[in-house]
Amino acid sequence: MTNNLIMRATDLNRHYQQGDVTLSVLSGVNVSIEQGEKIAIVGVSGSGKTTLLNLLGGLDDADTGEVTLAGKSWRDLGASQRAAWRNQHVGFVYQFHHLLGEFSALENVAMPLLIGKCSVSEARQRAMKLLERVGLGDRLHHQPAELSGGERQRVAVARALVTEPSVVLMDEPTGNLDPHTAGAILDLLIELNQSLSISFILVTHDPAIAAQMDRTLTLIDGQLVGEDQAIV
């Protein structure tokens with residue numbers, strides 16, 4: 001590891017109101033992530049794992065507490081600043097690929113770069129190189145409906161990584177795939193993590209996947225349980 005802190009969550013609390021009942025989802029969550037580190041977050045369904053990912057990625061706000069990413073706090077950024085910072089520093093991979101069906105694999109992957117004001121020619125070139133890297137060089141112009149489940153998830157991984165973000169947040173990225181394809185996607189993610197030094201935070205129910213991360217943290221009763229120190 002580089003001993004370079006890329007993200008820190010401090011005393012995060014998140015509650016939801018259901019009628020007259022206040023439901024506490026996260027209670028005093030603290031975690032720090034180093035550049036290039038791979039962290040698994042595990043816990044039973046409904047324990048708040050997805051809520052935590054949304055707070056870390058600036059998609060939602062905690063009731064109290066703070067998340068800093070690459071030296072900036074989400075709470076200090078306005079809506080447009082937040083969107084730009086997220087585009088530059090955060091990639092997302094979900095259980096379902098969420099690709100845009102009317103666009104090709106190449107267009108889907110290039111889109112975050114275009115949103116970030118990259119030129120069309122550079123965006124297409126970078127997207128093409130990354131798709132070739134994930135083994136889809138011959139599927140550039142295929143739309144999602146023309147791709148297998150594993151190929152669609154590879155496109156989603158390429159889209160998340162194409163901006164070379166500081167951190168990629170993943171919510172059950174292999175949960176919708178058969179074991180063989182899931183293993184291939186996980187191997188690809190680990191290879192890209194090592195070669196690009198991008199931090200990964202991965203929510204999973206699979207202990208075999210969690211075991212391949214640098215650290216595993218467990219959400220229990222709204223709190224993260226586990227060693228909150230980067231592996232060096």
Side-chain angles (χ1 to χ4, degrees), residues 5-34 37-70 72-77 79 82-83 85-86 89-98 153 156-157 160 165-177 182 186 189 193 198-231:
L5 186 68
I6 198 66
M7 175 179 277
R8 172 171 285 161
T10 306
D11 198 25
L12 296 184
N13 294 276
R14 189 70 171 95
H15 307 84
Y16 294 101
Q17 197 71 29
Q18 293 184 346
D20 296 331
V21 178
T22 300
L23 179 63
S24 178
V25 180
L26 301 175
S27 302
V29 168
N30 294 281
V31 64
S32 56
I33 299 97
E34 303 284 343
E37 189 178 12
K38 305 185 301 296
I39 294 178
I41 297 176
V42 301
V44 299
S45 296
S47 60
K49 302 184 298 298
T50 298
T51 296
L52 178 57
L53 282 191
N54 288 340
L55 297 183
L56 295 177
L59 296 175
D60 192 11
D61 291 316
D63 298 318
T64 59
E66 182 180 41
V67 175
T68 59
L69 170 62
K72 290 188 178 182
S73 171
W74 286 124
R75 69 183 183 185
D76 293 336
L77 301 176
R82 181 178 291 212
W85 199 243
R86 186 185 303 114
H89 287 284
V90 186
F92 294 92
V93 182
Y94 299 98
Q95 181 174 351
F96 299 97
H97 54 80
H98 295 298
Q153 199 65 335
V157 167
S166 300
V167 61
V168 175
L169 305 176
M170 293 176 279
D171 197 350
E172 297 283 359
T174 61
N176 199 38
L177 303 172
L186 182 62
L189 287 169
N193 161 264
I198 295 172
S199 302
F200 285 174
I201 303 174
L202 185 151
V203 162
T204 183
H205 285 98
D206 190 335
I209 292 176
Q212 297 190 56
M213 302 296 106
D214 298 322
R215 283 191 288 156
T216 298
L217 304 175
T218 305
L219 260 176
I220 302 175
D221 296 329
Q223 296 185 324
L224 270 182
V225 178
E227 184 185 11
D228 186 20
Q229 296 293 330
I231 295 175

Can you tell me how far the [atom1] atom of [X] sits from the [atom2] atom of [Y], to the nearest 0.5 Å?
X: M7; Y: L56; atom1: CE; atom2: CG; answer: 5.0 Å
X: E37; Y: R215; atom1: CD; atom2: CZ; answer: 4.0 Å
X: L202; Y: L189; atom1: CG; atom2: CG; answer: 7.5 Å
X: S24; Y: H15; atom1: OG; atom2: NE2; answer: 3.5 Å
X: Q212; Y: T204; atom1: CD; atom2: OG1; answer: 10.5 Å
X: T218; Y: Q223; atom1: OG1; atom2: CD; answer: 12.5 Å

* **Residues which pass ring-ring contact (aromatic ring centres under 6.0 Å, His included) with H98, listed by chain and number, not counting sequence neighbours** =>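 If we apply the ring-ring contact (aromatic ring centres under 6.0 Å, His included) test to H98, skipping adjacent residues, the hits are Y94.
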
Test of understanding: with side-chain contact (heavy atoms from CB on, under 4.5 Å), list the residues that count as partners of [X], not counting sequence neighbours.
X: A70; answer: I6, W85, H89, S166
X: V90; answer: L69, W74, R86, F92, V167, L169
X: T64; answer: N13

* Asked: What residues, two or more places apart in sequence or in another chain, satisfy salt bridge (charged side-chain N to carboxylate O under 4.0 Å, His left out) together with D11?
  ->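 If we apply the salt bridge (charged side-chain N to carboxylate O under 4.0 Å, His left out) test to D11, skipping adjacent residues, there are no hits.
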
* Can you name the salt bridge (charged side-chain N to carboxylate O under 4.0 Å, His left out) partners of R14, sequence neighbours left out? -> D60, D63

Please answer whether the main-chain N or O of [Y] pairs with a side-chain N or O of [X] as donor and acceptor at a distance below 3.5 Å.
X: K49; Y: D171; answer: no
X: E172; Y: H205; answer: yes
X: R82; Y: G58; answer: yes

* Structure fact -> Looking only at heavy atoms, the pair that brings V29 and L52 closest together is CG1-CD1, 4.1 Å

* Asked: How about D221: does its CG atom have over 12 heavy atoms from other parts shown lying under 6.0 Å from it?
  -> no

* Run the side-chain contact (heavy atoms from CB on, under 4.5 Å) check on L217 and V42 step by step: do they pass? -> CA-CA 6 Å; L217 304 175; V42 301; over 6 Å; no

